[in-house]
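Here the structure comes first, spelled out in C-alpha cells, and everything after it is commentary.
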Amino acid sequence: MNRKFDAIVVGGGHNGLTCGAYLARAGKRTLVLEQKPVVGGASVTEEFSPGFRASTYSYILGHLHPKVIAELELKKFGLEYSPQPDVFNPTEDDGIIFTANPARTREQIARFSRKDAENYPKFFERLQSSVEILRRLQLETPVNPFRGDPAGLWKTARFAWRYRKSEAAFYDLVRALSMSAHDYVSRWFEHDLVKAKFMFWGTMGTSDGPYAPGSAFCIVANLVGQIGMNFCKGGMGAVAETISASGAAHGMEVQCDAWVEEIRVQGGRAVGVRLRSGEEIDAGRVISAASAKCTFLHMVGAEHLPDDFVEDVKGIRARGNGFKILCAVDRLPQYKGFSAERTGVDYPAYAHICPTPEYLERAYQEARFGWYSSDPYLSPNVPTHTDPSLAPEGKHVVVIYGGVTPHELRNSDWDRERPQMVRNAFAVMDRFAPGFSKSVIDHKAITPKDIEADINMPGGNADHGELSLDQLFFMRPVPRYADYRSPVKNLYQTGASTHPGGSVSALPGHNAAREILNDWRWRA
C-alpha cells in the first residue's frame with residue numbers, strides 16, 4: 001500500500017522546507033523529499049577539505065525575512081548569525097570601507113570625492129522608496145492583470161488599491177528596471193571606485209553586465225534584505241537545518257536520498273510522486289520547490305500541460321555566470337590597501353574587488369563570447385573571522401565568489417579550463433592581497449556547470465531564472481501562472497523560480513504555503 005500524505009514537497013532547499021513547515025504548522029501531514037543526503041539545496045554547509053567547512057553556494061545571510069524567522073521560531077531552533085556590515089572595496093594601494101555607520105562611510109568616501117560623500121545619503125534616500133515598494137511586493141501573490149473574470153478583476157483591483165499612493169515609487173522602480181547600473185549610479189557619483197562599489201550589486205542576477213539596460217534593478221533588489229548582512233553560525237546550512245527542525249516539531253517529515261522521478265497526474269490532477277527507487281507516494285497536494293524547468297519539463301509529462309505553457313517554461317532564461325572557490329588557508333588575506341587606523345575597522349572579512357566600472361564590464365565582455373574572465377571581479381569573505389568552528393585552530397576559510405564564468409565554454413570545457421580559471425582568480429587576489437595564493441592549503445572550485453549537476457539549477461543560475469523585466473512579478477516563472485499554482489490541479493510551485501526569486505529569503509516558500517492553505521480552506 002502506498003504511503004499517503006496531505007502534501008508532498010519536492011525539494012528540500014530552504015524554500016521547500018519553509019513551505020512544508022508552514023503546512024505542518026497548519027495541521028497538514030507533510031512530507032519533504034530531498035534528492036541529496038542532506039537538506040538545504042543551495043543553503044548548505046559542507047566539508048570541502050579535511051577539517052574545513054564552508055557555505056558551498058549561498059554564503060551571506062541578508063535576505064531571510066524577519067516574518068519567517070519569527071513565525072517559524074528559527075532562533076528557538078538554533079539559528080544564530082552575526083552582523084558583517086563592513087565591506088572593503090580596495091584599490092591596489094588604498095580602498096573604502098562601507099559600514100553600517102553612514103557618517104563614517106561618508107568620511108571614507110570623502111577621501112576620494114567630496115561630491116560623492118555628499119551624494120551618498122541622498123542616493124540611499126532616493127532608493128528607499130523603491131526598496132520599500134519591493135519589500136511590500138515580496139509578500140504579495142502576483143496578480144494577473146489580464147485576467148478578465150470577476151475573481152481576477154477583483155484581485156487586480158485590490159492590488160491597485162493597496163498601492164494607490166505609491167505612484168512616484170513605482171516610477172522610480174520602472175526607471176531602475178530599464179536603466180543600466182552604470183547610468184543609474186553615474187547620476188549620483190563621479191569617482192570610479194564608488195561607482196564600481198554600487199555597480200557590483202548590479203552584477204548579481206543578470207548575465208549581461210553593469211552597462212546593460214535593466215541591470216540597475218539588481219542594485220535595488222540587493223538592498224531589500226531587512227536583517228543586514230550577516231555570517232550565519234555554522235554556515236548557511238544552519239538556515240535549512242533550523243527550518244527543518246521547526247517543521248519537524250509540528251510533524252513534518254523529511255526524507256533525503258529521495259529522487260523524485262515523476263509527479264503523478266491523473267485526470268488533470270496531481271495525486272502524488274514516483275521516486276527513482278520505484279516507490280509511489282500519494283498526496284492530496286504536491287508542491288515543487290525544484291526549478292520550473294525541472295518540474296514541468298522533466299517531472300510532469302508534457303501531455304498534462306498546455307502547449308503554450310510548455311513553450312513559456314522552455315523559454316525561461318537561466319544563464320549562470322558566477323563561480324565559487326572555497327579555500328582552506330593558513331592565514332588571513334592581507335589587503336595591501338587596507339589600514340585599520342585609516343578605516344577604524346580591525347579587519348575586512350568581506351570585500352568586493354572591482355576597482356572601476358570598466359573592470360567589471362571587461363569581465364562580462366570576455367564571457368559574452370563563451371570564455372571566462374582573465375581578470376575576474378571577486379568577492380572574498382572570511383566566515384571563520386567570526387565563526388572559527390568552520391576550520392582547524394589557527395586556520396581559516398576564505399570563500400571567493402566571482403565572475404564571469406559561462407555555463408558552457410566555446411571550443412573547450414571546464415574540465416580543461418578549471419585550473420586556469422582558479423589561477424586567474426588567485427592572481428587577482430595576489431594583486432590586492434599579496435601572498436594569498438601561497439597561503440592556500442587546499443581549494444575547491446565550482447562553476448555554473450557544477451552547480452547545475454549538483455543541485456539541479458538549470459544553467460547554474462542561483463535564481464532559477466534571471467532577474468529581468470520579462471521574468472519578474474506576474475511574469476515569474478511564466479505568464480498566467482505566477483500565483484504559485486500551475487495548469488495541473490493540486491500541483492503548486494515554490495522556490496527561486498517563483499516570485500520574488502532567488503536569495504535565501506524563504507519568501508517563495510512562505511507565499512506558496514499561504515496560497516495552498518487558502519485553496520485548502522475554499523476547496524475543503
Check your understanding: Arg53 and Leu390: side-chain contact (heavy atoms from CB on, under 4.5 Å), yes or no, with the steps?
Key -> CA-CA 5 Å; Arg53 296 184 301 133; Leu390 296 171; 3.7 Å; yes

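- Relative ring orientation between Tyr347 and Tyr335 is described as tilted, the plane-to-plane angle lying within the 30° to 60° band.
- Judged by distance alone, the side chain of Ser244 and the main-chain N or O of Ala240 form no donor-acceptor pair under 3.5 Å.
- Atoms CZ and NE2, on Phe52 and His396 in that order, are 9.5 Å from each other to the nearest 0.5 Å.
- Using cut-offs of 30° and 60° on the angle between ring planes, the pair Tyr350 and Tyr59 is perpendicular.
- A donor-acceptor pair is defined here as one N or O able to donate and one able to accept, closer than 3.5 Å; such a pair exists between the side chain of Ser246 and the backbone of Leu72.
- The two residues Leu517 and Tyr22 have their closest heavy-atom pair at CD1-O, 4.3 Å.
- Remark: the backbone N or O of Tyr401 is not paired with any side-chain donor or acceptor of Ser379 at under 3.5 angstrom.
- Between Leu134 and Phe217 the shortest side-chain heavy-atom distance falls below 4.5 Å.
- Using bins of under 30°, 30° to 60° and over 60° for the plane-to-plane angle, the ring pair Phe198/Phe123 lands in the tilted bin.
- Separating the CG atom in Asp450 from the CE atom in Met457 is a distance of 13.5 Å, to the nearest 0.5 Å.
- Side-chain atoms of Ser439 come within 3.5 Å of backbone atoms of Phe436 as a donor-acceptor pair (strictly under, hydrogens ignored).
- Ion pair Glu140/Arg162 flagged as a salt bridge, since at least one NZ, NE, NH1 or NH2 atom sits closer than 4.0 Å to an Asp/Glu carboxylate oxygen.
- Between Ala283 and Lys4, the closest heavy-atom pair is C-NZ, 3.9 Å.
- Under the 3.5 Å distance criterion, the side-chain polar atoms of Ser58 are matched with a main-chain donor or acceptor of Ala42.
- Judged purely by atom type and a 3.5 angstrom limit, Arg29 has no side-chain atom pairing as donor or acceptor with the backbone of Phe5.
- In plain terms, the two heavy atoms of Val399 and Ser55 that are nearest each other are CG1-O, 4.5 Å.
- Annotation: side chain of Glu46 is not in contact with side chain of Leu326 (no heavy-atom distance under 4.5 Å).
- When atom types are taken as modelled, the side chain of Arg135 and the backbone of Gly225 share a donor-acceptor pair closer than 3.5 angstrom.
- Counted by atom type alone, Thr18 and Asn15 present zero donor-acceptor pairs between their side chains at under 3.5 Å.
- Between Leu139 and Arg514, the shortest heavy-atom distance links the atoms O-NH1, 2.9 Å.
- Checked by atom type and distance alone, the side chain of Thr494 pairs as donor or acceptor with a backbone atom of Pro508 at under 3.5 Å.
- Here SG of Cys294 is found 8.5 Å from CD of Gln35. Values are rounded to the nearest 0.5 Å.
- Looking at heavy atoms from C-beta onward, Leu64 lies out of side-chain contact with Asn230 at the 4.5 angstrom threshold.
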Exercise for review: Check the pair Leu17, Val254 against side-chain contact (heavy atoms from CB on, under 4.5 Å), reporting the backbone distance first and the verdict last.
Suggested key: CA-CA 9 Å; Leu17 292 167; Val254 176; 4.2 Å; yes

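- Atom-to-atom distance recorded for Thr498:OG1 and Tyr481:OH is 16.0 Å, nearest 0.5 angstrom.
- With contacts defined as side-chain heavy-atom distances shorter than 4.5 Å, the pair Glu71/His510 qualifies.
- Side-chain N or O atoms of His352 include none that pairs as donor or acceptor with a backbone N or O of Asn89 at under 3.5 Å.
- Side-chain contact check for Pro142 versus Tyr484: some heavy-atom pair is nearer than 4.5 Å.
- Distance alone, capped at 3.5 Å, is enough to place a donor-acceptor pair between the Asn222 side chain and the Trp201 backbone.
- Considering only heavy atoms from C-beta on, Lys444 stays 4.5 Å or farther from Lys324 through its side chain.
- Between the CD atom in Gln493 and the OG atom in Ser291 there is a gap of 10.0 Å [rounded to 0.5 Å].
- Contact record, Met299 with Ser288: CE-OG, 4.1 Å, taken as the closest heavy-atom pair.
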Exercise for review: Could you walk me through whether Leu467 and Leu472 pass side-chain contact (heavy atoms from CB on, under 4.5 Å), step by step?
Suggested key: CA-CA 6 Å; Leu467 301 179; Leu472 291 171; 4.0 Å; yes

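- For the pair Phe323 and Thr405, the tightest heavy-atom approach, listed with the atom from each and the gap, is CD2-CG2, 3.4 Å.
- Between Asp454 and Lys36 there is a salt bridge, since a side-chain N of the basic residue sits under 4.0 Å from a carboxylate O of the acidic one.
- The shortest side-chain heavy-atom distance between Asp483 and Glu515 does not fall under the 4.5 Å cut-off.
- The CD1 atom of Ile8 lies 7.5 Å from the CG atom of Asp282; values are rounded to the nearest 0.5 Å.
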Practice item. Could you walk me through whether Val382 and Phe231 pass the side-chain contact (heavy atoms from CB on, under 4.5 Å) test, one step at a time? Key: CA-CA 9 Å; Val382 188; Phe231 284 157; 5.7 Å; no

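- Looking at Ile353 and Pro90, their side chains come closer than 4.5 Å, going by heavy atoms from C-beta outward.
- No more than 12 heavy atoms of other residues, nucleotides or ligands shown are found within 6.0 angstrom of NZ on Lys75.
- Using a cutoff of 4.0 Å between basic side-chain nitrogens and carboxylate oxygens, Asp519 and Arg285 are not scored as salt-bridged.
- For the pair Lys122 and Glu125, the salt-bridge criterion is not met [side-chain N within less than 4.0 Å of a carboxylate O].
- When only modelled atom types and interatomic distance are considered, His65 and Gln138 share no side-chain donor-acceptor pair under 3.5 Å.
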